[in-house]
Amino acid sequence: DFDLDGDYDFIKFPKNTVLYTQDLRVTINNIQATICEGETYSFNGEDLTKSGTYSQTIHVTDIYDSIVKLSLTVIPVKQSFRSATICSGSSYSFVNNELTISGQYTQTFEASTGCDSLITLDLTVTPPPVSSDTATICSGATYSFYGEELSTVGVYTKVFKMANGCDSLAELRLIVT
């Protein structure tokens, strides 16, 4: 294995088994390369995708070889994951977009390395809980609905704030007979 440029002596075994030495001139060419994860680097007829050291020997003449050594670095894609929950009727700001629907959203950025950086958001939109009730009263009577005295046929709604900050709805359908 040759690591440096130079002249090397080696013993050559020809077909007639007579031993002799011969000088061999070797030139080493070192290449440093960097690619992003998901890309390939073509070297010695191969498409490389993993970091490592690769070499190729080029036989120029019987007494001259050129060795190309590649040191390949693969920069991984940076990924981050976020999850968020919002109330129905609210929006969530994600990369200059106001999102209002549950789902998974991914945005690709170019990192300082020149490779991609991915941010994935898992957004959950919580619908407001609704409690529905029907009440029947006689004409002239009243029905108490969260501190309000009702006496007219109709559908009444009261909005409450829950502990998580979202709205909760109470709905009453009042029938007067």
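One is the number of the first residue; the rest follow in order along the sequence.
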Verify whether one side chain among S42 and D47 offers a donor that lies under 3.5 Å from an acceptor in the other. yes
Anything under 3.5 Å between a donor and an acceptor, one on a side chain of residues 92-106, the other on a protein residue two or more places apart or in another chain? List them.
residue, atom, partner, partner atom, Å
S93, OG, E98, OE2, 3.3
N97, ND2, V95, O, 3.3
E98, OE1, S91, OG, 3.0
S102, OG, V125, N, 2.7
Y105, OH, I101, O, 2.7
T106, OG1, T120, OG1, 3.3

Could you grab the distance from atom OG1 of T108 to atom CG of D116, nearest 0.5 Å is fine? 5.5 Å
Report the distance from atom OG of S51 to atom CD of E37, rounding to the nearest 0.5 Å. 10.0 Å
Minimal non-hydrogen separation, T34 against I75, with atom names: CG2-CD1, 3.3 Å
Short N-O contact, R82 and D122, less than 4.0 angstrom: no
Same apolar cluster: I31 and L72, side chain cutoff 4.5 Å: yes
Atom SG of C166 and atom CZ of F160: how far apart are they, to the nearest 0.5 Å? 15.5 Å
Between the CD atom in E171 and the CG atom in D133, the distance rounded to the nearest 0.5 Å is 10.0 Å
Is there a continuous path of hydrophobic side-chain contacts, each under 4.5 Å between heavy atoms, that joins M162 to V130? no
With side chain to side chain contact (heavy atoms under 4.5 Å, CB included) as the criterion, how do I35 and T40 come out once you've worked through the C-alpha distance, each side chain's angles and the decisive distance to 0.1 Å? CA-CA 7 Å; I35 61 172; T40 59; 5.6 Å; no
Using side-chain heavy atoms (C-beta onward) and a distance below 4.5 Å, is I86 in contact with T126? no
Would a 4.5 Å heavy-atom cut-off, applied to side chains only, mark F109 and I119 as touching? yes
Is the distance between the ring centroids of Y156 and Y146 under 6.0 Å? no
Rounded to the nearest 0.5 Å, how far apart are OG of S71 and CD of Q32? 4.5 Å
Close side-chain approach of L174 to I137, heavy-atom, < 4.5 Å: yes
Separation of Y41 OH from L70 CG (nearest 0.5 Å): 5.5 Å
Could you check whether any side-chain heavy atom of E149 comes within less than 4.5 Å of a side-chain heavy atom of Y143, counting everything from C-beta outward? no
Using a 4.5 Å cut-off on heavy atoms from C-beta on, say whether the side chain of T177 contacts that of T136. yes
Please give me the minimum heavy-atom distance between N44 and S55, naming the atom from each residue. ND2-O, 4.2 Å
Which heavy atom of S88 sits nearest to which heavy atom of P127, and what is that distance? CB-CA, 3.8 Å
Heavy-atom distance under 4.5 Å between the side chains of K50 and L48, does that happen here? no
Give the cluster check for V159 versus F145: same hydrophobic cluster or not, with ILVMFWY residues linked at side-chain heavy-atom distances below 4.5 Å. no
Nearest non-hydrogen partners of S139 and V176, listed with the distance: CA-CG1, 3.7 Å
Determine whether the side chains of S66 and N29 contain a donor N or O and an acceptor N or O closer than 3.5 Å. yes
Main chain of C36, side chain of E39: is a donor-acceptor contact present, judged purely on distance under 3.5 Å? yes
